[in-house]
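Shown next, in C-alpha cells, is the structure this report addresses.
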There are 4 protein chains.
Amino acid sequence: MSTGRLEAFSDGVLAIIITVMVLELRPPNGSDFSDLHRSATSLLTYLLSFVYIGIYWNNHHHLFQVCKLIDGSVLWANLHLLFWLSLYPFTTAWMDEHFSRASTVVYGVNLLLAAVAFTILQRRMMRMPESKDRMAEIFGRDRKGKASLLLYATGIGLAFLQPWLALVPYIAVALIWLLPDPRVERYLQRQLEAGNTEHL
Amino acid sequence: MSTGRLEAFSDGVLAIIITVMVLELRPPNGSDFSDLHRSATSLLTYLLSFVYIGIYWNNHHHLFQVCKLIDGSVLWANLHLLFWLSLYPFTTAWMDEHFSRASTVVYGVNLLLAAVAFTILQRRMMRMPESKDRMAEIFGRDRKGKASLLLYATGIGLAFLQPWLALVPYIAVALIWLLPDPRVERYLQRQLEAGNTEHL
Amino acid sequence: MSTGRLEAFSDGVLAIIITVMVLELRPPNGSDFSDLHRSATSLLTYLLSFVYIGIYWNNHHHLFQVCKLIDGSVLWANLHLLFWLSLYPFTTAWMDEHFSRASTVVYGVNLLLAAVAFTILQRRMMRMPESKDRMAEIFGRDRKGKASLLLYATGIGLAFLQPWLALVPYIAVALIWLLPDPRVERYLQRQLEAGNTEHL
Amino acid sequence: MSTGRLEAFSDGVLAIIITVMVLELRPPNGSDFSDLHRSATSLLTYLLSFVYIGIYWNNHHHLFQVCKLIDGSVLWANLHLLFWLSLYPFTTAWMDEHFSRASTVVYGVNLLLAAVAFTILQRRMMRMPESKDRMAEIFGRDRKGKASLLLYATGIGLAFLQPWLALVPYIAVALIWLLPDPRVERYLQRQLEAGNTEHL
C-alpha cells in the first residue's frame, strides 16, 4: 500500500489535536491585564503540548518521506500512536486544572506511551522490504528516541517526589527534538544531489 | 469520477469524529489518582469508539484502493455512512453518562446502522464497471461484514436483557476486524509482484 | 492557479462544519428511551443541516471537476461561501433551542445567503478562460440554483406567518438537490467515453 | 523536502481555527429578533477573525506556489506561525466577552506576533536555493507586510488610549490584504503564458 491516505488522515488527526487544546483555554473572566495572569500557566501548558505535537508531526513526516510502501501492520501501529496523542488534550487539561503528583505522573505516562508507540511504528516500518536499508541507515541507532524514553521515565519518577521537578526532563525532551533531524536532512540532501527527486 | 476528493473529505470527517470524542472526556475534578478512577470507564468507552472509527477508516481505505472510478450514487452512499459515524460521539457520550438498557440499545442501533451503510456503500461500489471484477473477487463473500451485522443485532437483543451483556458482541466485532483484511493484502501483494503499482 | 489546495482547504472546512454540529447534540439527561425523545427534534435538525452541507460538498466537487484553473477572485468567492456555511452550526443551534419566527427566519436567511454565495462562486468560475465553454454548457441555465433561491425566499416569507410552514420549502430544496446532477454526470460520461480521463 | 504535506497540515490547522471560532458563538438565549442583537458584536468579531485567517490562508497559498523545495527550518517557521494563529480563538473570545483596554491590546499583540511569524517564514523561504530568485522578485519589497506590522503596532498603541480606536488600524490591515496580491498573479500569469504549468 502507498502511504498517501495514511499521511492525510494522520495530518488531519494531528491538526485537530493541536487546535482542540486551544479550546480548553478559557478566556479570562475579567477585563484587566491582571486577569490574564490566571491564563498564563494554561498558555505555557498549551505551548508545551503544541510543541510536542509539532515534533511528532515533524518526525512522522520524516519517517514517511523515507518509507513509501507499507502493509496493514503499519496502519494499526499508526492508529496506536494517534490514540495516545489524542489523549494529550485530556491529560494536558487535567495537569493544567489540578497541578499535582497524580496529574504530572499521568501526563508523563501519556508522553511515554506515545513515545513507545512511535518507536513501535518506526520498528514496523523498518521491516518493510522496499525501504529496509534506507530506514536502517537513517533511523538505525535512534539515540534521540532512546533518550526520550529514558527522560520521560525519569520525569515520571521525579513527579512522585515533586511535581514541578518532572517538568525538567519533560521539557528536555522537547528541546532535543526541536532541531530538525540531521540524518534525514543529510539523506534528502544526497537524494537531491543525485538528482533523485522521487522521494521528496 | 475519481475518488481523490471523496477520500480526502472522508479522511477529514473521520479524523474529526475520532478526536471530537476525546473532547467529551472531562479531566477529573480532583487532583489524586483516585479521582482518575471516575474517568476510567469514560476512557474505555472512548477506546472502544476509537477502535471502531479506526476500523472503518481502514476498511474505507481498502475499498477505495480497489475501486478508483465512481459515480454520484457512491458519493451519497459515502455521506450516508459518514452520517451514522458522525453520531458515534453522541451515542458514546450517552452510554458513558447513563449506562442503561436504553443507551446500550441506542449505541448498538447506531453501530448496526453504520455497518448497514458500509454494506450499502460496498454494494454500490461493486457495480462500478471499471472495478466490478476486482471488487467481486475481493469483497464477494464478505463473511466478516455479515458476521458484524449479526453480532450487532445480537448485542441489541442482549441489551434489553442486561446492558453489560451487550458489550460482549459489540467488542467481538471490534476484535474480528482488528486484523488487516487478508483478501486485500493478498490482492495488493499480487499487484506488487506483477509490477502493477498503479492502484497502490 | 490550480485548484488542489482550495479543494483541500474547503474539504477541511466542510468536514469540520458537518461534524461540529454533532457537538451541539447533548446526550439525554436521563437513562430511559423516553429521555431520548427530547433529543429527537435536535437529531432531525442535525440531519437537515448535515444534508445541506453534504449537498454543498457534492456541488462544490462537481464545480471543481469541470474548472481546473482559477484566479484570486475565485479564492475569495470560495471563502465567502465558506463563511456563510460556517454559520450553519450557529443558526441551526438557535432554531433547535428556540423554535420561533425569528430563528426560522434567520436560519432561512443563512441558507439563502449561502446559496447566493454559491451562485457568485459559480459565476466567477464561468469567467475563467480555460473552462469557460465547458462551464457554460454544463451550468449555463442553472434551473436548480434559481429554484433554490426562490424556495429559500418563500420559506423566509412563510416563517413570518408560521415558523413550521417555513420548513416545507427549506426541505424541498434539500430534496431537489439530493439526486446527483445529471448535467455533470453526462459530461463526465462523455469524457470517459472519449478516453479523456484528465479531468476525472 | 517537498511542500505537499506541510500544505496539507497547514490547511487542516487553518480550517479548524476558522471553524472553531464559530463554536464560541453561543445561540441567543431568547426567541425574538431582539435577542439576536446581543450576538451581533460576536458575529462582527467572528467576521473579522474569519477574514484574517482567510487572508493568511491566501498568502500562505501564494508563498508555497512559488517555493516548492524547503528544509527543516521552514517546517518550524511554519509551526511557529500556526501557533500564533491558533491563539486567535482565545484572544477573539476574550475581546468579545470583555471589550477593554487589556483585551484589545492582547488581541493586537496576537495579530502582530502572527504577522511577525509570517515575515520570518517568508524570509526563511527566500533563502531556499531552488526558488531564491523567484521569491526575491515577487516578495522582495513586501510593502504590504511592512505596512501591516506598522498598523498593528499603531493599533496596540491606540488601544491603550481608547479600545475602540484600535479597531481602525486592525480593520485597515484586513482591507489592504483583501485584494489578491498582483505580484503573485502577474508571476502566475507569465508562467501560464510561457506554457510553464509546472508551478500552478
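What you are looking at is a predicted structure, and each value in this text was computed from that prediction instead of being measured. Here is how names work: the chains are called A, B, and so on, in the same order as the sequence lines, proteins then strands, and each is numbered from 1.
The backbone N or O of C:G54 sits nowhere less than 3.5 Å from a side-chain atom of B:W76 that would complete a donor-acceptor pair.
Among all heavy-atom pairs drawn from C:G30 and B:W94, the shortest one is O-NE1, 2.8 Å. Here the closest non-hydrogen pair linking B:F9 and C:D11 is CD1-O, 3.8 Å.
Taking the six-membered ring for Trp and thresholds of 30 and 60 degrees, C:F33 and B:F160 have nearly parallel ring planes, at less than 30 degrees apart.
Two residues are said to be in side-chain contact when any heavy atoms from C-beta on lie closer than 4.5 Å; B:R5 and C:W57 meet this criterion. Under the 4.5 Å side-chain criterion, counting only non-hydrogen atoms from C-beta, C:I18 is not in contact with B:F83. By the 4.5 Å heavy-atom criterion applied to side chains, C:L14 and B:V13 are not counted as neighbours. Side-chain contact check for B:F99 versus C:S31: every heavy-atom pair is 4.5 Å or farther apart.
Counting heavy-atom neighbours within 6.0 Å of B:N29 CG, excluding the residue itself, gives a total of 12 or less.
Atoms CG and NE2, on C:D35 and B:H98 in that order, are 7.5 Å from each other to the nearest 0.5 Å. From B:L85, atom CG reaches atom OG1 of C:T19 across 11.5 Å, with rounding to the nearest 0.5 Å. The line from CG of B:L82 to CD1 of C:I53 is 13.5 Å long, rounded to the nearest 0.5 Å.
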C:Y46 vs B:L87, side chain to side chain contact (heavy atoms under 4.5 Å, CB included): CA-CA, chis, key distance, verdict: CA-CA 10 Å; C:Y46 173 63; B:L87 290 180; 3.7 Å; yes
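With a 4.5 Å cut-off on non-hydrogen atoms, C:I55 touches chain B through its backbone and its side chain both. Only the side chain of C:S39 comes within less than 4.5 Å of a heavy atom of chain B; its backbone N, CA, C and O stay farther away. For B:L6, the parts lying near chain C are the backbone and the side chain together; criterion is any non-hydrogen pair under 4.5 Å.
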